[in-house]
**Q** 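Structure provided below as structure tokens; questions to follow.
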Number of protein chains: 2
Amino acid sequence: MTERTRTAPRQAEAERNDRALLEAARRALALDGAHASVAAIASRAGVGIGSLYRRYRTKEELFQRLCVLALDHWIDAAEQGLAHEDPWAGIVHHVSACVDFGPGTMAPIAGTIEVTEEMAARADRCDEVTRALVSRAHAAGVLRPDVTATDLYLLVEQLGRSPLPWQIADQGRDELLGAATEARARVVAIALEGLRAGTVTPLPGRPPDAGLLRDRWEPLPAAG
Amino acid sequence: MTERTRTAPRQAEAERNDRALLEAARRALALDGAHASVAAIASRAGVGIGSLYRRYRTKEELFQRLCVLALDHWIDAAEQGLAHEDPWAGIVHHVSACVDFGPGTMAPIAGTIEVTEEMAARADRCDEVTRALVSRAHAAGVLRPDVTATDLYLLVEQLGRSPLPWQIADQGRDELLGAATEARARVVAIALEGLRAGTVTPLPGRPPDAGLLRDRWEPLPAAG
DNA sequence: GAAAAACGGAGCGAAGCACTCCGTTTGGCA
DNA sequence: TGCCAAACGGAGTGCTTCGCTCCGTTTTTC
């Protein structure tokens, strides 16, 4: 098959624009949460509003797509972690990769958009793969035994919500961007160290229920 | 002086309202960042908009007051930490107390309000007292030596930005609120464990510059 | 029962929102 | 070279939400 994968230049631009849009949406969401506006996203991506709406029929559709990508990223990071021979290195890889993408960024829009089947399926797979990562590390004795997969999720969500790098980028203080990213990496390293086995102080309270993370996404039953 | 501190009932209500306003503002800021609206704050506090504006001439003034309170809280927590005999317990107390109040909540409005002298003075004192807490722990050998005061600040800011409890409260899922708070405490405990001396992996990169935290608050020099 | 003080919220002009519509630009092809 | 389809950017639209003012009401005091 001598299939020519020649991409038309206009089509290539469209693809670049799509990537820029999703990246911009991710940043806007990290900075402004649920109040992120389509105008801000398009402008940040260097793309006209018209082009945004040619690709996504509504703002909600764009956000849903972004959620799918974030979940995919999470799954990939976990699978790559499982591919590591060293279970501890697997955890480290997973957490670091997730924090960089920032799945916690999606949390603020929980409950404001409809959960598609695509999203739900990805979320299930997330649970699966994360639990596998955690139990392998538990079995190897490298992860503190009282940490659950839900604990890990919350930690990653928390660490990924650092607005500092994006805030600095948004303010145009580019000379500080490297320093901000480095600083965040240090915080992640500290937290990772706290996950290691061999600690003395047990975690407080009961292990968190996984439903805690899911329920946010369901529409509210009724108003009081 | 037999000064009668009898408080008029109407004056007591005013005080209660003020407290409710500040608490509501804190929550609104945690949930909506810089987009938090005065209407939402007043409504959440169960107070009329008119009453809000009788106490604070502008939204900015309210936020400035809130920043002062947050900085005071930070300072108090550090001083109480220093009062502990055990340097490690001091760190733990400081971090836990700060996360509960959530000074990281103020980060999103950095650069959108003018920094008053009151705020600047408090910020200086914060630096001072935090550095004291950290160096005492370093001297005692209980805090990992490569952690700086700025690292600690970033960690606390990060941990304090957990939106989960407030998000759940906002959605009216009160039955989950306790679980959410407990879950957050576990994450904090994990991070604290990572601060302990005796860890093997050194922190990546160079120690962060303190200016990283300050520059956000200064108005931008000019638009590109 | 009148003055003072604190209250809640309707209303205002301005700003911001999601989204539509359309004139322009670009590359492929006869 | 001229024409068409495709992708483009952004002004315009109706509507919501914003910060804030203004005012009628309620409560306390004397």
**Q** When you check the gap from the basic side-chain N to the acidic O, do A:R214 and A:D127 get nearer than 4.0 Å?
**A**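 Salt bridge: yes.
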**Q** Under the side chain to side chain contact (heavy atoms under 4.5 Å, CB included) rule, collect the residues that match up with B:A179, sequence neighbours excluded.
**A** A:L212
**Q** Contacts to DNA chain C from residues 32-46 of chain A, heavy-atom cutoff under 4.0 Å, which residues?
**A** A:A36, A:S37, A:V38
**Q** Contact list please: residues 55-66 of chain A against DNA chain C, heavy atoms, distance less than 4.0 Å, in numerical order.
**A** A:T58, A:K59
**Q** With salt bridge (charged side-chain N to carboxylate O under 4.0 Å, His left out) as the rule and sequence neighbours excluded, what pairs involving residues 35-56 of chain A come up?
**A**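 Sorted pair list: A:R44-A:D170.
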**Q** Surrounding CD of B:E175 (heavy atoms of other residues, nucleotides or ligands, distance under 6.0 Å), is the total greater than 12?
**A** yes
**Q** Nearest-Å distance, OH (A:Y53) to C1' (D:dA7)?
**A**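 Between C1' of D:dA7 and OH of A:Y53: 18 Å.
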**Q** If only side-chain N and O atoms of A:N17 are considered, is one of them under 4.0 Å from the OP1 or OP2 phosphate oxygen of D:dC8?
**A**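 Answer is yes, contact under 4.0 Å.
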**Q** Rounded to whole Å, how long is the line connecting atom CG of B:L52 with atom C1' of D:dC22?
**A**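 Spelled out: CG on B:L52 to C1' on D:dC22 is 16 Å.
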**Q** B:E118: which residues meet the salt bridge (charged side-chain N to carboxylate O under 4.0 Å, His left out) condition with it, sequence neighbours left out?
**A** none
**Q** For B:R16 and D:dT27, what is the distance between atoms CZ and C1' respectively, to the nearest whole Å?
**A**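 Roughly 13 Å, once rounded to whole Å.
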**Q** Can you sort out the partners of A:F63 under ring pair (Phe, Tyr, Trp, His ring centres under 6.0 Å), two or more places apart, ordered by chain and number?
**A** none
**Q** Search all heavy atoms of B:I113 against all heavy atoms of B:C67 and return the closest pair with its distance.
**A** CD1-SG, 4.1 Å
**Q** Kindly list each side-chain donor-acceptor pair under 3.5 angstrom involving residues 152-165 of chain B, sequence neighbours excluded, with atom names and distances?
**A**
from	atom 1	to	atom 2	distance (Å)
B:E157	OE1	B:R216	NH2	3.3
B:E157	OE2	B:R216	NH1	3.1
B:Q158	OE1	A:S162	N	3.1

**Q** So if I take the C1' atoms of five pairs at each end of the helix from C:dG1-D:dC30 to C:dA30-D:dT1 and get each local axis, what angle do the two axes make, rounded to 10 degrees?
**A** 0°
**Q** Who are the side chain to side chain donor-acceptor pair (under 3.5 Å) partners of A:R186, not counting sequence neighbours?
**A**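 A:R186 satisfies side chain to side chain donor-acceptor pair (under 3.5 Å) with B:D151 only.
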**Q** Figure out the CD1/P separation between B:I113 and D:dG19, and round it to whole Å.
**A**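 Roughly 14 Å, once rounded to whole Å.
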**Q** State plainly whether the residues B:E61 and B:R65 are in salt-bridge range, i.e. N to O under 4.0 Å.
**A** no
**Q** Please list, one pair per line, the donor and acceptor atoms closer than 3.5 Å that link side chains of residues 91-102 of chain A to other protein atoms, with sequence neighbours excluded.
**A**
from	atom 1	to	atom 2	distance (Å)
A:H93	NE2	A:Q80	OE1	2.7
A:H94	ND1	A:A78	N	3.3
A:S96	OG	A:V92	O	2.8

**Q** Give me the atom names and distance for the closest heavy-atom approach of A:D174 to A:A169.
**A** OD1-O, 4.2 Å
**Q** With sequence neighbours left out, write down each residue that passes side chain to side chain contact (heavy atoms under 4.5 Å, CB included) with A:V47, or none if nothing qualifies.
**A**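 For A:V47 the side chain to side chain contact (heavy atoms under 4.5 Å, CB included) partners, ignoring immediate neighbours, are A:N17, A:L21, A:A45, A:S51.
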**Q** Encode nucleotides 9-15 of chain C as B, S and - characters from 5' to 3', where the letter depends on protein heavy atoms closer than 4.0 Å: B to the base, S only to sugar-phosphate, - to neither.
**A** B------
